[in-house]
Protein chains: 2
Amino acid sequence: METLNAAELLAALGHESRLAIFRLLVEAGPEGINASAIGEQLGMAPATLSFHLAHLSRVGLITGERESRFIHYSANYGTMDDLIAFLTHNCCQGNACLPQTACCDTTEKRRAKAGKKA
Amino acid sequence: METLNAAELLAALGHESRLAIFRLLVEAGPEGINASAIGEQLGMAPATLSFHLAHLSRVGLITGERESRFIHYSANYGTMDDLIAFLTHNCCQGNACLPQTACCDTTEKRRAKAGKKA
DNA sequence: TACATGATTCGATAATACTTGAATCATGGA
DNA sequence: TCCATGATTCAAGTATTATCGAATCATGTA
């Protein structure tokens, strides 16, 4: 991943509303949830929500699939994966990801609880 | 870490120039490098650079310490650590941090090469 | 076709962020 | 003190982003 691309992803998540949307979609799982449900939960106007959904889609963090009248949005774990990989490997060179702290001490735990699939 | 705070950190890194600055400081190590050196390497006007350095400082991603006429800036690994922890645990629930991909498959490698300290 | 509903796009406005020359501050040396 | 240098702050302009009502598009149903 290039710096520019990483910056785009970071900027996309660097907004309270969009970060909230993304977290909601992660919680929602692979099936995703539709736009109006997101709007209800986060108290966002439809137009504003669409704006942010479009932004997140454009950078590849989420995907929307129409199902009848609804469009189900879901998180793209792969993109997030790439971003975290970039941050830990290319950006931080492992400095921010040492065992006792961020992401590696609970690998087993997460691996277990992620039985739901990668 | 709260969502708002995480969004602030992400937004801070969500700009090509600031991400480049941060990466440069990570490379530079704990001693850090001074502002004009950063400006030279990245081809940034002094005022612009100060603006971005102030932003990164404000959110806690870097720290500046004056040493004679120079101010040495260095990366705060701890803050980055917190951010990555937030992204993997609170935001992604481990989904984006599974063994085969982002950050955990090379723990040993990084731990080894990080002899320089956590 | 007519209508209801989910969602997006348009358009206008407001707010925020970015850039940079010039001025200023801080430090050390002559 | 005066000057040079590293760095920041100020001020003004430019550009980008965010918000949201209204209009439009898309789909399913009667």
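Below, chain A is the first sequence line, B the second, and so on; all start at residue 1.
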query = Does the side chain to side chain contact (heavy atoms under 4.5 Å, CB included) test come out yes or no for A/L83 and A/M80, once each step is laid out?
reply = CA-CA 5 Å; A/L83 177 59; A/M80 195 61 183; 4.3 Å; yes

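Two residues are said to be in side-chain contact when any heavy atoms from C-beta on lie closer than 4.5 Å; B/F86 and B/N5 fail this criterion.
DNA chain C is contacted by no residue of residues 33-42 of chain B, taking any non-hydrogen atom closer than 4.0 Å.
To the nearest angstrom, C1' of C/dA17 lies 16 Å from CD of B/E16. C/dA7 atom P lies 9 Å from atom CG of A/L53, rounded to whole Å. Atom CD in A/E67 sits about 16 Å away from atom C1' in C/dT5, given to the nearest Å. Residue B/L13 contributes atom CG, which lies 15 Å from atom P of C/dA17 at whole-angstrom precision. Between the P atom of C/dA26 and the CD atom of B/E65 lies a distance of 18 Å, rounded to the nearest Å. When rounded to the nearest whole Å, the span between CZ of A/R18 and P of D/dT16 equals 16 Å. For B/H55 and D/dT8, the NE2 to P distance is 15 Å, given to the nearest whole Å. Between the P atom of D/dA18 and the CG atom of A/L19 lies a distance of 13 Å, rounded to the nearest Å.
If you check every strand for non-hydrogen atoms under 4.0 Å, A/S50 touches a base.
Dashed line: the shortest gap from a side-chain N or O of A/R69 to OP1 or OP2 of D/dT29 is not under 4.0 Å. The side chain of B/H52 contributes no N or O atom lying less than 4.0 Å from OP1 or OP2 of C/dA17.
Residues in residues 29-39 of chain A take part in these side-chain hydrogen bond (donor to acceptor under 3.5 Å, both in side chains) pairs, two or more places apart or across chains: A/N34-A/S36.
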Name the atoms and distances for all side-chain donor-acceptor pairs under 3.5 Å in residues 45-56 of chain B, with sequence neighbours left out.
residue	atom	partner	partner atom	Å
B/H52	ND1	B/R18	NH1	3.0
B/H55	ND1	B/R18	NH1	3.3
B/H55	NE2	B/R58	NH2	3.4

Going by atom type alone, with no hydrogens or angles, which donor-acceptor pairs under 3.5 Å involve a side-chain atom of residues 60-75 of chain A and a protein atom two or more places apart or on another chain?
residue	atom	partner	partner atom	Å
A/T63	OG1	A/N76	OD1	2.8
A/T63	OG1	A/N76	ND2	2.9
A/R66	NH1	A/S68	O	3.3

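Taken to the nearest 0.5 Å, the CD atom of B/E16 stands 10.5 Å off from the CG atom of B/L42. Atoms NE2 and CD, from B/H15 and A/E8 in turn, are 12.0 Å apart once rounded to the nearest 0.5 Å. The distance from atom CG of A/L87 to atom CG of B/L10, rounded to the nearest 0.5 Å, is 8.5 Å. In this structure, CD1 on A/I33 lies 4.0 Å from CG on A/L24, to the nearest 0.5 angstrom.
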Pairs: protein N or O with nucleotides 20-25 of chain C N or O, under 3.5 Å:
residue	atom	partner	partner atom	Å
C/dT20	OP2	B/T48	OG1	3.2

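Toward the 5′ end of DNA chain D lies the nearest nucleotide of B/I71, the other residue of the pair B/I71 and A/S17 mapping further downstream.
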